[in-house]
K.L.:
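The structure that follows is given in the form of structure tokens.
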Amino acid sequence: MKNPKRIFQMALLCFVIVASGSLSLHAQDLQSNVDNMLAAQYPADAPGISALIAKDGKVIYKNAFGLANMELSVPMNPENVFELGSITKQFTAVAILMLQEAGKLNVEDPITKFFPDYPTDGNDIKIHHLLNHTSGIKSYTGMQSFQYNARKDMTPTEIIDFFKNEPMDFKTGEQWLYNNSGYIILGAIIEQVSGMSYEAFIQENIFDPLGMKHSYYGSKTKLIPNRAWGYQPTDSGWRNADYLSMSLPYAAGSLMSNVEDMLIWQEALNDGKLLPNEKLAAAFVNTTLNNGDPTYYGYGWQVNEVNESPSVEHGGGIFGYNTYGLYLPEEDVYVIALCNSNGNSPTDVAIKMAAMAIGKPYPDNSQGVSLSQQELQKWVGAYLFDGDVVRFVTLENGQLFSQREGSSKLPLIPASAYEFYFEGSTTKYTFSMGDQGKQVLFEDRINKEVGLETVKEVPTAPEEIDMPAAVLANYEGTYELQPGFEIRVFLEAEKLMVQATGQSAARIYPSAPHEFFLKVVPGALTFNVDADGKATGLVLKQGGQVLPAKKID
């Protein structure tokens, strides 16, 4: 008999469960409210979204907006199939637990049981640490040198060989750091103990038994019915996403599906069709570090909350696609949102959809309340958080902005004289006056931190200068940071653009002769030039690194 809440009640004992009331939104209100939100964010002439909400296993909302294929002007529909990205990790984690139930492995097994020569640097790395991102192994997708492999087919062993000799990021179990390498190793373990390829194991043990007929191991060459094509943004509009060999995301991000199949998946978990509920519960436990601090991550799922209602959830991002799914066990509500673009993440809209469905909607922060200059000026300053994190709050042209040190500046929308939301987001600042002066409560749902006012100078952004297109053309070319990883600099509509291997193009802005800065991320480029003013190389400054690159074309 179905009992979708019991498993999660066991897994989320660390939370105070807030009794849920009846839904305040009627189905018609939910439909119109979600439609309006999604239509505003995913217009009819741009890449789109397919979204679904289910309550007690029944669909209460399903719709799609935008385009599944921009070249052919094909509208999005709920049957469209998307690359899931890291939502794949849910399937990998459940596959590991299924093999544990079959007696073929244990999550406490060291990885050297399967790979005796793996260099652990003296760490006792277990399957458990791979599942919850506490292994300390270097994540291969964070290595710049790996970017040139985006088009190259590689076996799991070849991928593991690429990162296994990298220095550990930290001692196993001491920190939490999102890590795709761990899930590559998990895929290889699944293959070793099952005697099947990862693709075959998922197909024969999950997709086929559950009737997930619109779910696949990703492929760029196979014909995938109802495939939504992937796009990524540029300063001048959309373009087709860069090619990525689907052998590379593998067990960390290779699967494809649609919203209806994802509901089948969630209901199968609730019903214990793949594993007994008590065995699956480990996936939803808020695991801890060696010192007992919570990771807010289980096995393939994040542990979070939606307006104090416990949730388990995960997102995915891969070339041309962004995805997000979350389940609220107390209300038995599931939300899945799949997008065919990198530039319009569905994370916040999925969370807001869930909040609407359980009758706890977030306030509309698209406009905000009107505050005086004096009311806004009151909260300007620098705030120090744990871990020596500093967030600067500035006032510019009647608008408050927040900027984490070393990151981008984001507008704050006032909900009251004390409460401010990040634009379009559920992340919230609540300012107050305390015994030690001004302070701010930062709330990113389950993550709540208090910052105290500190004396620190607000970073000054470079000022853009005018530079004719004829001068900008002197910097065009291809620059090699290292073999296989390049930066292409080119003019587009009289604007100078840069594009690194495997990444989206972005505009750079001149601040001085031969010096440019980025706005999308903190970073700067300085060009070396010859006597004629033609660039011969460049130096990229980003994230504390100074990286020279020679011009090769």
Side-chain angles (χ1 to χ4, degrees), residues 142-148 150 231-242 319 341-344 390-392 394 396-397 399 401-411 457-553:
M143 298 166 58
Q144 284 191 335
S145 57
F146 192 78
Q147 297 293 330
Y148 79 93
Y231 300 93
Q232 58 193 62
T234 71
D235 279 5
S236 58
W238 296 98
R239 70 173 181 85
N240 287 304
D242 289 327
F319 291 10
S341 69
N342 287 129
N344 207 348
V390 177
R391 290 186 170 92
F392 300 97
T394 56
E396 302 173 30
N397 300 318
Q399 170 78 64
F401 290 87
S402 171
Q403 182 176 12
R404 178 172 171 156
E405 194 168 30
S407 188
S408 303
K409 186 184 298 183
L410 300 171
E457 291 291 326
V458 177
T460 56
E463 291 189 12
E464 181 184 355
I465 64 172
D466 291 329
M467 191 173 287
V471 177
L472 294 175
N474 290 329
Y475 305 106
E476 288 189 294
T478 301
Y479 301 80
E480 185 182 61
L481 282 168
Q482 56 187 350
F485 190 73
E486 301 165 353
I487 293 178
R488 185 168 68 95
V489 180
F490 59 97
L491 272 175
E492 187 176 273
E494 299 189 346
K495 299 173 183 176
L496 200 62
M497 311 291 291
V498 295
Q499 184 173 19
T501 302
Q503 299 178 20
S504 301
R507 185 182 175 188
I508 54 174
Y509 301 81
S511 57
H514 320 313
E515 296 183 9
F516 294 77
F517 65 97
L518 293 99
K519 292 184 179 180
V520 291
V521 294
L525 293 93
T526 300
F527 289 89
N528 305 318
V529 299
D530 60 20
D532 297 324
K534 297 283 188 180
T536 59
L538 63 79
V539 176
L540 170 66
K541 298 179 181 179
Q542 188 174 12
Q545 293 182 298
V546 179
L547 305 171
K550 63 181 179 181
K551 189 175 182 180
I552 59 175
D553 180 18

K.L.:
Quick check: closest heavy atoms across P513 and I465, and the distance to 0.1 Å?
P.N.:
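Closest approach of P513 to I465: N-CD1, 4.4 Å.
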
K.L.:
Taking all atoms of both residues into account, what is the closest heavy-atom pair of Q232 and D242, and its distance?
P.N.:
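In terms of heavy atoms, the two residues are closest at OE1-N, 3.1 Å.
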
K.L.:
Answer yes or no: is there a donor N or O on one side and an acceptor on the other, between the side chain of D530 and the main chain of D532, under 3.5 Å?
P.N.:
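It does hold such a pair.
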
K.L.:
When rounded to the nearest 0.5 angstrom, what is the spacing between CD in Q399 and NZ in K409?
P.N.:
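Result: 10.5 Å between the selected atoms.
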
K.L.:
Rounded to the nearest 0.5 Å, how far apart are CG of L481 and CG of L538?
P.N.:
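Separation between the atoms: 7.0 Å.
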
K.L.:
Atom CD of E463 and atom OH of Y509: how far apart are they, to the nearest 0.5 Å?
P.N.:
15.0 Å

K.L.:
By the definition side-chain contact (heavy atoms from CB on, under 4.5 Å), identify the one residue from L496, V539, L518 that meets it with L525.
P.N.:
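Output: one option passes, namely L518.
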
K.L.:
Rounded to the nearest 0.5 Å, what separation is found between the CD atom of Q499 and the CZ atom of R239?
P.N.:
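Here the rounded value is 4.5 Å.
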
K.L.:
Output all residues satisfying ring-ring contact (aromatic ring centres under 6.0 Å, His included) with F516, sequence neighbours left out; order by chain, then residue number.
P.N.:
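Scan of F516 (ring-ring contact (aromatic ring centres under 6.0 Å, His included), adjacent residues dropped) gives Y475, F527.
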
K.L.:
Taking all non-hydrogen atoms of both residues into account, name the closest pair between A549 and Y479 and its distance.
P.N.:
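Nearest pair, atom of A549 first, then Y479: CB-CB, 3.9 Å.
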
K.L.:
For N240, enumerate each residue passing the side chain to side chain contact (heavy atoms under 4.5 Å, CB included) test, keeping only those at least two apart in sequence or located in another chain.
P.N.:
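Per chain and number, N240 pairs via side chain to side chain contact (heavy atoms under 4.5 Å, CB included) with E71, W229, Y231.
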
K.L.:
Side chain to side chain contact (heavy atoms under 4.5 Å, CB included) between V529 and N474: does it pass, once the steps are laid out?
P.N.:
CA-CA 9 Å; V529 299; N474 290 329; over 6 Å; no

K.L.:
Enter the distance from E476:CD to K551:NZ here, rounded to the nearest 0.5 Å.
P.N.:
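Reported to 0.5 Å precision, the distance equals 8.5 Å.
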
K.L.:
About how many Å separate NE2 of H514 and CG of N528, when rounded to the nearest 0.5 Å?
P.N.:
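Here the interatomic distance stands at 9.5 Å.
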
K.L.:
So, the side chain of E396 versus the backbone of F401: is there a donor-acceptor pair under 3.5 Å, distance only?
P.N.:
no

K.L.:
Go through it in stages, so that I can follow the logic: the residues are T394 and Q403, the test is side chain to side chain contact (heavy atoms under 4.5 Å, CB included), and I'd like the CA-CA distance, side-chain angles, deciding distance and then a yes or no.
P.N.:
CA-CA 8 Å; T394 56; Q403 182 176 12; over 6 Å; no

K.L.:
Does atom CD of E494 have more than 12 heavy-atom neighbours from other groups under 6.0 Å away?
P.N.:
no

